[in-house]
Asker: 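One structure coming up, written as structure tokens, with questions to follow.
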Amino acid sequence: AQRVTQPEKLLSVFKGAPVELKCNYSYSGSPELFWYVQYSRQRLQLLLRHISRESIKGFTADLNKGETSFHLKKPFAQEEDSAMYYCALGEGDYGQNFVFGPGTRLSVLP
Amino acid sequence: NAGVTQTPKFQVLKTGQSMTLQCAQDMNHEYMSWYRQDPGMGLRLIHYSVGAGITDQGEVPNGYNVSRSTTEDFPLRLLSAAPSQTSVYFCASSSGQNTGELFFGEGSRLTVL
């Protein structure tokens, strides 16, 4: 059973609109959750991690243990946000083995 | 900054052939891993290594071998390629300090006919 789910394969929004990319997980312990992003013709890279409680490029994500969710949000989408977004759960002794969700492609329309 | 370098970027194999995907990193990272990316399934961990001489299996190890003779290199070997191994393969490394940041290579697209 998939432990990280992202229900939307594709999400299209207009520039300036709010965006929310959904992520749900199943994990018995205390989860470490991350969002990775892959822009066109670029490498997959870390966007943000829940433990840092940071905002990167205007994106935030809050871990909701009750709903087992880690949704990624941005109040005003920009065209340069168009990319593939992966939610990931860290596990293993080093916390470096990741279980990735299937990904959501965000398309921000002009 | 080279970071994580994967070769080749593209490869076409026939069923039964063997090949090695190369991965090298110049960041002195202890942790290295291989993932495969398939449509609708995200990235799945094949094998990983926490240091030279140490390797372990991930979620989908069957049909693949790895070795880690140096800190820098972590090759992935396909012993007898099958069409089910058609995928995009990513090598990634990390300092292993539990920061959650994996550094990825550009990917290798493999097609098995």
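To find a chain, count down the sequence lines: A is the first, B the second, and so on, and within it residues start at 1. This one's a predicted model, so the numbers in the text were calculated from it and none came from an experiment.
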Asker: Among the clusters formed by ILVMFWY side chains lying less than 4.5 Å apart, do A:F59 and A:Y25 turn up in the same one?
Answerer: yes
Asker: Do B:Y48 and B:L21 belong together in a cluster built from hydrophobic side chains that touch within less than 4.5 Å?
Answerer: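 B:Y48 does not cluster with B:L21.
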Asker: Heavy-atom distances under 4.5 Å only: say whether B:F103 touches chain A with side chain, backbone, both or neither.
Answerer: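 For B:F103, no heavy atom lies under 4.5 Å from chain A.
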Asker: Say whether, by atom type as modelled, one donor and one acceptor occur between the side chain of A:R43 and the main chain of B:V4 under 3.5 angstrom.
Answerer: yes
Asker: Under a plain distance cut-off of 3.5 Å, with no hydrogens placed, do B:E101 and A:Y36 share a side-chain donor-acceptor pair?
Answerer: no
Asker: Taking a hydrophobic cluster as the set of Ile, Leu, Val, Met, Phe, Trp and Tyr residues connected by side-chain heavy atoms closer than 4.5 Å, whether directly or through intermediates, do B:V112 and B:Y64 fall within one such cluster?
Answerer: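 Cluster IDs for B:V112 and B:Y64 match.
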Asker: Above 12 or not: heavy atoms from other molecules or residues under 6.0 Å from CD of A:E80?
Answerer: yes
Asker: Indicate the atoms forming the closest heavy-atom contact of B:L102 with A:F98, along with that distance.
Answerer: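 So the two residues come closest at CD1-CD1, 3.2 Å.
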Asker: Does a sphere of radius 6.0 Å around CZ in B:R77 hold more than 12 heavy atoms from other residues, nucleotides or ligands, not counting ones at 6.0 Å or beyond?
Answerer: yes
Asker: Same hydrophobic cluster for B:F90 and B:Y31, using side-chain heavy-atom links shorter than 4.5 Å among ILVMFWY?
Answerer: yes
Asker: Side chain, backbone, both or neither: which part of A:Q38 has a heavy atom under 4.5 Å from chain B?
Answerer: side chain
Asker: Under a single-linkage definition using a 4.5 Å side-chain heavy-atom cutoff for Ile, Leu, Val, Met, Phe, Trp and Tyr, are B:L76 and B:V88 assigned to the same hydrophobic cluster?
Answerer: no
Asker: Give the minimum heavy-atom separation between A:P102 and B:G40, together with the two atoms involved.
Answerer: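 For A:P102 and B:G40, the tightest heavy-atom pair comes out as CB-O, 3.4 Å.
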Asker: Going by heavy atoms in the side chains, are A:L44 and B:L43 under 4.5 Å from each other?
Answerer: yes
Asker: Side chain, backbone, both or neither: which part of B:Q37 has a heavy atom under 4.5 Å from chain A?
Answerer: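 Contact with chain A involves the side chain of B:Q37 alone.
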Asker: Less than 4.5 Å apart, side chain to side chain, heavy atoms only: is that true for B:R44 and A:V99?
Answerer: no
Asker: Mark yes when over 12 heavy atoms from residues, nucleotides or ligands other than A:Y39 sit less than 6.0 Å from its OH; otherwise mark no.
Answerer: yes
Asker: Show, in sequence, the C-alpha distance, side-chain angles and deciding distance for A:Q42 and B:F104, and conclude whether the side chain to side chain contact (heavy atoms under 4.5 Å, CB included) test is met.
Answerer: CA-CA 10 Å; A:Q42 293 189 28; B:F104 282 87; over 6 Å; no
Asker: Suppose we call two aromatic rings close when their centres sit under 6.0 Å apart. Are A:F100 and B:Y35 close by that rule?
Answerer: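 Yes.
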